[in-house]
Every structure is written in C-alpha cells, then in structure tokens.
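Please read these numbers as outputs of a predicted model, since none were measured by experiment.
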Amino acid sequence: MTNKFRMGEIVVANGKGRESQEKVRTLGIVEEKDYFFNEYLILLPFNNKKDWFREKDIERVMERRFKKEEKYKVALAIEKAGLDRINYKLSKMPNKYNNILRKVNFYDEYKVFRKKYVILVWTSTYWSKTNYVVKCIEETLAELKEHNIAYKQIIIGETDPTYIKINEFIENDPNVDIFNIFQKIEIKNNGGILV
C-alpha cells in the first residue's frame with residue numbers, strides 16, 4: 001500500500017485533529033500513518049503538539065518531482081580529445097546499465113585544420129544529475145577549460161520548452177560554435193535541423 005505523504009514531509013494540516021478536536025490550519029511534519037483509520041500523525045512544531053489528521057485534511061506544501069519527469073534535447077559539439085577524456089573517465093567508473101552515450105540519436109565527426117571534432121545529439125532524454133554518465137560529462141566539461149579544449153553544450157527542455165541552458169568554452173576555438181537555436185537546434189554551415 002502506498003502512502004500519499006512521506007514520513008518527514010512538510011505538509012499543511014487543515015482540519016480537525018482526532019485527539020484535540022480543534023480545527024487548525026498550520027504547517028506540520030508527517031511522523032507516521034495509521035492504515036486502519038487512514039490518518040497521519042502530524043507534529044505541529046508551532047505549538048509543539050502531535051495529532052492525527054485524516055488524509056483529506058492534509059495538503060502537500062511542495063509537489064513531488066519524480067526523477068524521470070523532465071525530458072530534454074541535448075546537443076554537444078566537442079573536440080575529439082574532450083570526448084576521449086569523458087570516455088576515459090567513464091571506463092574508470094563501475095559498470096552501470098544506463099549509459100546515455102550509447103543512446104545518442106545523432107553522432108557525427110568532422111575535421112578542421114587537422115583537428116577532429118564530434119557532434120553528439122540526444123533528441124529526447126532524461127538528463128538527470130543523478131545519472132553517472134551525465135555527472136561525468138558535466139564534471140569533465142568543467143575541467144576542459146583548464147586544458148584549453150573547446151566545447152559547446154546546449155540543453156533545451158522538452159517538457160518545459162522555456163528552459164534553455166548553454167554551457168560553452170569557445171574563446172580559443174570557434175569550430176565548436178556550430179549550433180543555432182530557435183526552438184530547434186540546427187547546424188549552422190551544413191544546414192539541417194537536428195531536434
């Protein structure tokens with residue numbers, strides 16, 4: 001049986017308590033659940049009391065966000081040396097199942113003046129900060145500035161289209177600055193819309 005409220009969750013108690021029979025509307029913390037009466041024991045910190053409230057008399061303060069709720073479109077243009085660093089770090093990590101580098105929707109390599117570059121695009125992915133590959137990519141991108149390796153990363157919200165994040169280091173090498181953004185991601189010189 002699932003609980004509507006988690007233990008330790010901050011809620012608003014808006015109703016009559018079973019023991020005090022007083023009508024209240026105040027913040028509280030869920031301590032336990034009585035499955036027989038379908039009531040929750042709420043600690044009311046402002047008057048330092050505990051009381052039982054029916055489930056319908058409890059309101060959630062913050063909506064829960066499940067870890068696989070937000071979807072994103074992600075594009076990354078990077079020097080091949082940068083991608084090699086990411087792959088090297090991943091090889092040192094324990095083996096996991098959800099390697100999003102194996103789930104790339106578009107992969108392309110190109111050369112400019114003897115330098116190799118790579119384009120990686122995920123057209124619809126859960127770009128979760130808890131995913132070990134996403135963590136590794138984000139940490140490595142932060143280190144690439146120190147090693148003078150160019151990259152440009154664009155993250156666009158699919159479930160929230162107003163969300164756009166651009167992470168780039170292009171001062172020393174404009175060859176990775178290849179994306180145009182207008183609700184879609186497009187390759188500048190070659191043309192064609194990726195996502």
Side-chain angles (χ1 to χ4, degrees), residues 1-76 86 89-90 92-105 120-145 151 153-168 181 183 185 195:
M1 182 178 277
T2 60
N3 294 338
K4 184 175 180 183
F5 303 100
R6 295 185 316 269
M7 302 309 127
E9 183 175 353
I10 297 172
V11 294
V12 173
N14 185 15
K16 241 185 213 182
R18 181 184 355 148
E19 294 176 8
S20 68
Q21 291 297 310
E22 294 177 20
K23 180 146 174 61
V24 297
R25 178 167 172 74
T26 184
L27 284 175
I29 300 170
V30 176
E31 292 218 329
E32 63 181 272
K33 181 175 182 179
D34 181 339
Y35 290 98
F36 183 76
F37 292 107
N38 200 26
E39 294 178 336
Y40 288 86
L41 179 63
I42 307 290
L43 168 67
L44 307 170
F46 296 113
N47 58 11
N48 205 20
K49 292 182 181 175
K50 295 180 183 180
D51 207 344
W52 293 93
F53 291 89
R54 293 177 296 180
E55 191 172 84
K56 69 180 187 104
D57 294 335
I58 302 171
E59 302 167 10
R60 184 167 276 125
V61 173
M62 293 178 283
E63 282 301 315
R64 286 189 200 171
R65 285 187 161 265
F66 297 101
K67 67 178 184 178
K68 288 201 170 180
E69 186 175 288
E70 300 291 329
K71 283 191 137 188
Y72 299 94
K73 299 173 183 180
V74 181
L76 175 64
I86 291 170
K89 279 190 166 188
L90 286 175
K92 297 293 182 191
M93 294 182 120
N95 193 14
K96 302 280 183 175
Y97 295 105
N98 194 12
N99 186 345
I100 61 170
L101 279 179
R102 294 188 188 126
K103 299 175 183 176
V104 173
N105 299 102
L120 303 163
V121 178
W122 294 266
T123 55
S124 180
T125 186
Y126 299 107
W127 198 256
S128 170
K129 301 293 180 192
T130 58
N131 182 294
Y132 81 109
V133 178
V134 172
K135 256 193 233 179
C136 185
I137 290 171
E138 300 288 339
E139 289 170 4
T140 307
L141 290 181
E143 296 170 9
L144 292 182
K145 288 181 184 178
Y151 65 88
Q153 178 191 42
I154 299 171
I155 302 173
I156 298 176
E158 189 177 328
T159 47
D160 176 17
T162 60
Y163 178 83
I164 294 178
K165 179 183 171 191
I166 300 173
N167 183 11
E168 64 184 5
I181 307 169
Q183 296 298 63
I185 300 173
V195 284

Quiz item: At what distance, to the nearest 0.5 angstrom, does OH of Tyr72 lie from CD1 of Ile155?
Solution: 8.0 Å

Self-check item: Test: Lys16 and Glu22 ion pair at under 4.0 Å
Solution: no

Quiz item: Nearest 0.5 Å, what's the SG-NZ distance between Cys136 and Lys89?
Solution: 6.0 Å

Quiz item: Taking the six-membered ring of Phe53 as reference, does the NZ or CZ atom of Arg18 fall below 6.0 Å from its centre and within a 45° cone about the axis?
Solution: no

Practice problem: Answer whether the closest heavy-atom distance between the side chains of Val74 and Val121 falls below 4.5 Å. | Solution: no

Quiz item: With side chains defined as the heavy atoms from C-beta onward, is the minimum distance between Leu90 and Leu101 less than 4.5 Å?
Solution: yes

Exercise. State whether Arg25 and Glu59 are salt-bridged, where the test is any N-O pair (Lys NZ or Arg NE/NH1/NH2 against Asp/Glu carboxylate O) under 4.0 Å.
Key: yes

Quiz item: Should the pair Lys50-Glu32 be classified as a salt bridge under the 4.0 Å nitrogen-to-oxygen rule?
Solution: no

Exercise. Kindly determine whether Phe5 and Tyr40 satisfy ring-ring contact (aromatic ring centres under 6.0 Å, His included), including the steps that lead there.
Key: CA-CA 9 Å; Phe5 303 100; Tyr40 288 86; 5.4 Å; yes

Quiz prompt | Any side-chain heavy-atom pair of Leu141 and Asn167 under 4.5 Å | solution = yes

Quiz item: Can Lys49 and Glu19 be counted as an ion pair, charged N to O under 4.0 angstrom?
Solution: no

Self-check item: Whether Asn105 side chain and Thr123 backbone form a donor-acceptor pair below 3.5 Å
Solution: yes

Quiz item: So, for Leu44 and Gly28, which heavy atoms are closest and what is the spacing to 0.1 Å?
Solution: CD2-CA, 4.4 Å

Quiz prompt | Rounded distance (nearest 0.5 Å) linking atom CG of Leu120 with atom CD of Gln153 | solution = 10.5 Å

Exercise. Indicate the atoms forming the closest heavy-atom contact of Asp51 with Ser20, along with that distance.
Key: OD2-OG, 2.7 Å

Quiz item: Are any of the side-chain heavy atoms of Ile164 and Ile156 separated by less than 4.5 Å?
Solution: yes

Quiz item: Taking everything shown except Leu27 itself, do over 12 heavy atoms lie less than 6.0 Å from its CG?
Solution: yes

Self-check item: Test log, rule side chain to side chain contact (heavy atoms under 4.5 Å, CB included), inputs Lys73 and Trp122
Solution: CA-CA 6 Å; Lys73 299 173 183 180; Trp122 294 266; over 6 Å; no

Quiz item: So Lys4 and Glu9, salt bridge (charged side-chain N to carboxylate O under 4.0 Å, His left out) or not? Walk me through it.
Solution: CA-CA 10 Å; Lys4 184 175 180 183; Glu9 183 175 353; over 6 Å; no

Exercise. Could you tell me whether Glu55 and Lys33 make a salt bridge, using a distance below 4.0 angstrom between a side-chain N and a carboxylate O?
Key: yes

Quiz item: Can you tell me how far the CD1 atom of Ile86 sits from the CD atom of Glu139, to the nearest 0.5 Å?
Solution: 11.0 Å

Practice problem: Kindly determine whether Glu138 and Trp127 satisfy side chain to side chain contact (heavy atoms under 4.5 Å, CB included), including the steps that lead there. | Solution: CA-CA 11 Å; Glu138 300 288 339; Trp127 198 256; 3.0 Å; yes

Practice problem: State, with a plain yes or no, whether a side-chain heavy atom of Ile100 is found less than 4.5 Å away from one of Val134. | Solution: yes

Quiz prompt | Validation row: Lys23, Asn14 side chains within 4.5 angstrom (heavy atoms) | solution = yes

Quiz item: Side chains of Ile42 and Ile58: does their closest heavy-atom pair fall under 4.5 Å?
Solution: yes

Quiz item: Does the side chain of Ile137 reach to within under 4.5 Å of the side chain of Thr140, using non-hydrogen atoms?
Solution: no

